[in-house]
S.K.: 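Just passing along the structure, written as structure tokens.
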Amino acid sequence: MNVTVPAASAAIAPAVNAWFRANARDLPWRRDGFGAWGILVSEFMLQQTPVARVVPRLEEWLSRWPTPAALAAEPASAAVRAWATLGYPRRALWLHKAATEIVNRHGGVVPGDVDALLALTGIGDYTARAVAAFAYGHRHPVVDTNTRRVIARAVGGQAEPAPPARRDLAAMDALLPDDPSEAACFNAGIMELGAIVCTARSPFCDGCPVRELCAWRAQGYPAYEGRRRPVQKKYEGSVRQVRGVILAALRSAEQPVTDAAIAALWPEPSLRETALAGLIADGLAVRRGPGTYSLPQ
DNA sequence: AATACGTGGCT
DNA sequence: TAGCCAAGTAT
């Protein structure tokens, strides 16, 4: 027990956990026996992608590839196709590569050690701890955008969190119950609270289990003072858009796609060439012959 | 440390 | 409508 934690902070985890046990959404990765591989795949898919869009792709993915070895046995192109339109398709490539690494380094078993997880392609601070905590029940602070927002408000009294930093881990660790099972519950519970109650746009404070403990509420909901992170650039006419257009063509094609076909998709040459070069640099496209391209094999 | 990276729903 | 936002990671 950390006696330096203020009383209000010490009361947060029990309140969140009681609320979560009564209000958790029934999501696939919360089912008993879902398995570490399923959890890992779900975490890859959930990176910057809403739950509702992930669920159907996840079920398809796991029925086709129930183990890391099953995925590693197929070409990367199969992973990119199965990713469909989840977005950020490099994640499909990274997940395929991580499966190969799990087979080669860990005998096909998803590791439970944070450092081993961090060493896998496409796994960073969030995903490594999420897998260790949710798949293996290990006691680690798991920090995502929801967690950071809830802590910024309830503990920090701020409308929005500061930019992500290492201290976020320490802030979460200070709230984390000692008991591993309670800690795992709190990791999931505070994320869930941020996802469905303490939301970014219009928080539902009347339904919040920590409203009586919330520093932001106590201070009268002050507006955000700091510098806002720059908004994402316009998608229309962006390299991202053209990459998406080209990759969609590569995904649906049985045969390599010609330069002419790609030019027909996006006539303006400069943006088109930048996009194609980027896809190749990322390993999402490969040159198959003179002026023809496909997904990686 | 700042930036690039998809896609689609919501207000 | 245009912009915001979504269980981040790699460089």
Side-chain angles (χ1 to χ4, degrees), chain A residues 20 24-25 27-30 38-58 80 83-95 97-98 117-135 140-150 159-166 168-169 172 184 186-196 198-203 224 227-248 250-251 271 274-275 277-285:
Chain A
F20 185 60
R25 289 171 293 177
L27 298 173
W29 45 91
R30 292 177 181 163
I39 304 251
L40 187 152
V41 173
S42 77
E43 295 299 349
F44 265 85
M45 291 184 170
L46 287 163
Q47 292 167 5
Q48 298 283 283
T49 305
V51 165
R53 206 179 311 165
V54 163
V55 171
R57 293 292 86 72
L58 176 67
V80 175
W83 201 256
T85 57
L86 278 177
Y88 291 147
R90 290 185 295 191
R91 291 180 294 166
L93 226 44
W94 290 341
L95 178 51
K97 191 167 180 205
L117 286 159
L118 281 170
L120 299 174
T121 301
I123 293 192
D125 280 336
Y126 164 75
T127 303
R129 290 176 178 79
V131 171
F134 301 145
H140 297 287
V142 180
V143 174
D144 80 328
T145 186
N146 293 304
T147 298
R148 291 195 308 109
R149 184 174 54 252
V150 173
E160 297 179 36
R166 296 297 299 183
D168 299 336
L169 275 179
M172 181 59 183
F186 182 58
N187 275 316
I190 194 169
M191 286 170 63
E192 184 83 340
L193 187 64
I196 67 181
C198 191
T199 56
R201 202 78 72 88
S202 46
Y224 186 60
R227 180 178 301 174
R228 289 192 60 105
R229 290 165 61 184
V231 171
Q232 201 175 33
K233 284 183 187 164
K234 189 173 72 167
Y235 186 66
E236 283 295 317
S238 67
V239 174
R240 281 181 179 181
Q241 182 184 21
V242 183
R243 284 172 60 111
V245 167
I246 296 173
L247 194 64
L250 297 183
R251 271 202 313 264
L271 204 52
T274 300
L279 289 172
I280 291 170
D282 290 343
L284 282 165

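In what follows, chains are A, B, ... by sequence order, proteins preceding strands, each numbered from 1. Just so it is clear, the model here is predicted, and its values are computed rather than measured.
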S.K.: Base, sugar-phosphate, or nothing: which does A:Pro164 touch, judged by heavy atoms less than 4.0 Å apart?
M.R.: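 Answer is nothing: A:Pro164 stays at 4.0 Å or more from every strand.
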S.K.: For the residue pair A:Gln48 and A:Tyr88, establish whether any side-chain heavy-atom pair is separated by less than 4.5 Å.
M.R.: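 Side-chain contact under 4.5 Å: yes.
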S.K.: List the atom of A:Ala184, the atom of A:Ala133, and the distance in Å for their closest heavy-atom pair.
M.R.: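 What the structure gives for the nearest pair is CB-O, 4.1 Å.
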S.K.: Considering only atom P, compute the distance from C:dT9 to B:dG8 and round it to an integer number of Å.
M.R.: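 Those two atoms are separated by 23 Å.
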S.K.: Between C:dA7 and B:dT11, how far apart are the P atoms? Round to whole Å, please.
M.R.: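 Comparing P positions in B:dT11 and C:dA7 gives a spacing of 15 Å.
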S.K.: What one-letter contact string describes nucleotides 4-11 of chain C from 5' to 3', where B marks a base within less than 4.0 Å of any protein heavy atom, S marks contact via sugar-phosphate atoms alone, and - marks no contact?
M.R.: BBBBBSS-
S.K.: Rounded to whole angstrom units, what separation is found between the CD atom of A:Glu236 and the P atom of B:dT7?
M.R.: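 After rounding, the reported distance stands at 12 Å.
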S.K.: Taking only the side-chain nitrogens and oxygens of A:Lys233, find out if one of them lies under 4.0 Å from OP1 or OP2 of B:dA4.
M.R.: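 For B:dA4, OP1/OP2 do have a side-chain N/O of A:Lys233 under 4.0 Å.
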S.K.: Round to a whole Å and report the spacing from OH of A:Tyr235 to P of C:dT1.
M.R.: 18 Å
S.K.: Could you give the distance separating C:dC4 and B:dT3 at their P atoms, to the nearest angstrom?
M.R.: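 Between the two P atoms, the distance is 16 Å.
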S.K.: Round to a whole Å and report the spacing from CE of A:Met45 to P of B:dT7.
M.R.: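 The distance from CE of A:Met45 to P of B:dT7 comes to 15 Å, rounded to the nearest Å.
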S.K.: Among side-chain atoms of A:Glu43 and A:Tyr126, is any donor-acceptor pair under 3.5 angstrom?
M.R.: yes
S.K.: Could you measure the distance from the CG atom of A:Asp282 to the CZ atom of A:Arg90? Nearest 0.5 Å is fine.
M.R.: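 That separation rounds to 5.0 Å.
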S.K.: Please examine the side chains of A:Val143 and A:Asp125, heavy atoms only from C-beta on, and report whether any two atoms are closer than 4.5 Å.
M.R.: no
S.K.: Kindly write out the residues that satisfy side-chain hydrogen bond (donor to acceptor under 3.5 Å, both in side chains) with A:Thr121, not counting sequence neighbours, or none if the list is empty.
M.R.: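 Per chain and number, A:Thr121 pairs via side-chain hydrogen bond (donor to acceptor under 3.5 Å, both in side chains) with A:Glu101.
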S.K.: For A:Val239, report the nucleic acid contact type (base, sugar-phosphate, nothing); a contact means any heavy atom under 4.0 Å.
M.R.: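 Touches sugar-phosphate only.
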S.K.: Take atom C1' in B:dA1 and the same atom in C:dA10, then report the distance between them in whole Å.
M.R.: 13 Å
